[in-house]
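Accompanying notes for the structure given below.
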Amino acid sequence: MTKQGFTTRQVHADRRLNKPQSGAVHTSTSNSVLFEFEDAQGIIDVFQGKVPGHVYSRSSSPSVSALQEIINDLEGGVGALCFATGMAAISATFLSLFRHGDHLIVSQFLFGNTRSLMNTLMDFGVQISFVDVTDVQCVKQAYQPNTRAVFTETVANPVTQVADVQAIGRYCEERGLLLIVDNTMTPPPLLSAKNMKASLVVNSLTKYIAGHGNVLGGVIVDTGNFDWRSFSNIAPGYQVGEPAQWGLTQIKKKGLRDMGATLAPASAHSISIGLETLALRLQRSCTNALRLATFLESHAKVKAVYYPGLADHPQHFLAREHLTGGYGAILSLDVTDDIDPVEFLNQLKLVICATHLGDNRTLALPVAATIFHENGPEERARMGISETMIRVSVGIEDTDDLVADFAQALDFFA
Ligand SMILES: *Cc1c(COP(=O)(O)O)cnc(C)c1O
């Protein structure tokens with residue numbers, strides 16, 4: 001049988017992959033922290049990794065494993081590991097794989113909290129070059145003999161720069177570098193990080209994958225593209241079994257078990273329910289975003305619109321190549337100089353003024369004064385963030401209602 005489509009697989013994933021008991025179509029939520037064995041040898045075998053199983057739910061539980069199976073299947077990976085939040089997935093991955101003296105090439109257009117985490121890593125002695133990932137030449141120029149990895153987001157927030165992940169992936173493959181991609185903005189089916197040769201894919205499950213603004217989570221998937229035998233930071237004790245699992249084993253032991261940001265079983269269940277409609281929600285949000293961006297671009301009271309689906313976006317050609325399922329649902333705008341962006345936001349009636357993105361509801365906020373406030377004006381300028389920028393995370397509402405809300409708010413200042 002040929003491989004079924006993404007939407008079919010996401011809806012049937014739980015019963016197909018996890019085979020819940022008693023004919024249930026969902027894996028039931030397991031609240032047990034501890035697990036009992038038939039005999040003492042049973043717990044010894046699981047502890048020593050000879051037999052798969054759960055011993056203590058900080059490291060693994062049936063509920064979280066069930067979600068991991070589903071996400072791994074949808075990403076086409078060799079394994080997935082969930083965390084309490086997207087930031088927990090990112091920090092655990094970096095802290096468990098890299099050491100003092102390693103060099104990383106990192107996108108200069110990063111989610112603010114991830115950028116702040118990079119500062120912490122530098123305090124610990126990891127060297128980082130921040131580069132313009134829209135151009136693979138900038139990545140190549142930053143290479144040093146101690147470079148271990150490249151890290152980028154696919155479409156940056158809020159200015160929507162599109163990384164040339166495909167070219168970066170080819171370069172990393174040639175050089176034997178680990179490529180870590182934060183795919184939160186363009187989860188499958190929009191962009192397959194595995195096909196772009198990423199080694200590890202990070203997703204904030206809180207955003208599009210769960211989609212309803214009611215649960216936090218994060219995940220890291222190993223795509224199977226990277227040969228961990230060439231990565232000198234894997235501890236000898238974790239170089240056991242299939243080399244394809246070495247990276248995740250180290251992240252699981254050092255990053256999840258030792259650091260402890262475990263996803264709660266009930267959260268795993270909520271995320272798996274949200275995930276069933278991922279493709280449908282994304283399709284609708286992307287359609288809405290393109291319509292809204294087109295409307296805003298032509299409005300006299302709007303100075304600039306940033307959206308990869310617009311023909312005059314600087315990386316529109318890359319977006320067309322990489323994002324075959326839609327251009328994502330984040331757009332930003334600058335209103336004309338005579339309008340105070342805060343006053344403008346106050347005129348929106350349907351759109352909610354809130355941080356967060358990837359929600360069913362359309363959200364907007366003033367970027368410089370909130371999520372990028374801590375970065376200061378100079379770094380904001382380097383990231384291309386104007387002081388008046390408004391970010392919009394486009395939801396699944398009826399398109400005409402969204403356009404009408406922006407139209408009436410802009411008309412207020414006409
Ligand atoms: C929100 C976000 C994260 C962090 O996810 P949380 O689940 O909120 O911790 C990481 N990367 C990107 C690109 C994000 O948008």
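Ligands are counted one by one from 1 in listed order, and the atoms in each one are counted from 1 as well. Just so you know, these numbers come straight off a predicted model, no measurement behind them.
Relative ring orientation between Phe94 and Phe98 is described as tilted, the plane-to-plane angle lying within the 30° to 60° band. Ring orientation note: the planes of Tyr307 and Tyr327 are nearly perpendicular, at an angle over 60° on the 30°/60° scale. Using cut-offs of 30° and 60° for the angle between ring planes, the Phe406 and Phe344 rings count as tilted.
Residue Met185 approaches ligand 1 through these ligand atoms, each under 4.0 Å from one of its heavy atoms: 15 (O). Near Asp182, the atoms of ligand 1 lying under 4.0 angstrom from a non-hydrogen atom of the residue are 10 (C), 11 (N), 12 (C), 13 (C). Each of the atoms 7 (O) of ligand 1 lies under 4.0 Å from some heavy atom of Gly217.
An N or O contact shorter than 3.5 Å links Lys207 to ligand 1 by distance. Here's the thing with Met87: one of its N/O atoms is less than 3.5 angstrom from an N/O atom of ligand 1. Some N or O of Ser204 is nearer than 3.5 Å to an N or O of ligand 1, by distance alone. For a threshold of 3.5 Å applied to N or O pairs, the pair formed by Ile90 and ligand 1 contains no separation below that value. Checking only distances, Glu153 never comes within under 3.5 Å of ligand 1, N or O to N or O.
Distances shorter than 4.0 angstrom do not occur between any heavy atom of Ala88 and any atom of ligand 1.
At the shortest separation from atom 4 (C) of ligand 1 among protein heavy atoms lies Phe111 CE2, 3.6 Å.
Lys301 and Asp338 are joined by a salt bridge, as a carboxylate oxygen and a charged side-chain nitrogen come within less than 4.0 angstrom of each other. Salt bridge annotation for Asp398-Arg284: present, with a cationic side-chain nitrogen under 4.0 angstrom from a carboxylate oxygen.
Remark: Arg175 is positioned above the aromatic ring of Tyr143, its terminal NZ or CZ atom under 6.0 angstrom from the ring centre and at most 45 degrees off the axis. Annotation: cation-pi geometry satisfied between Arg115 and Phe130 (NZ/CZ under 6.0 angstrom from ring centroid, within 45° of ring axis).
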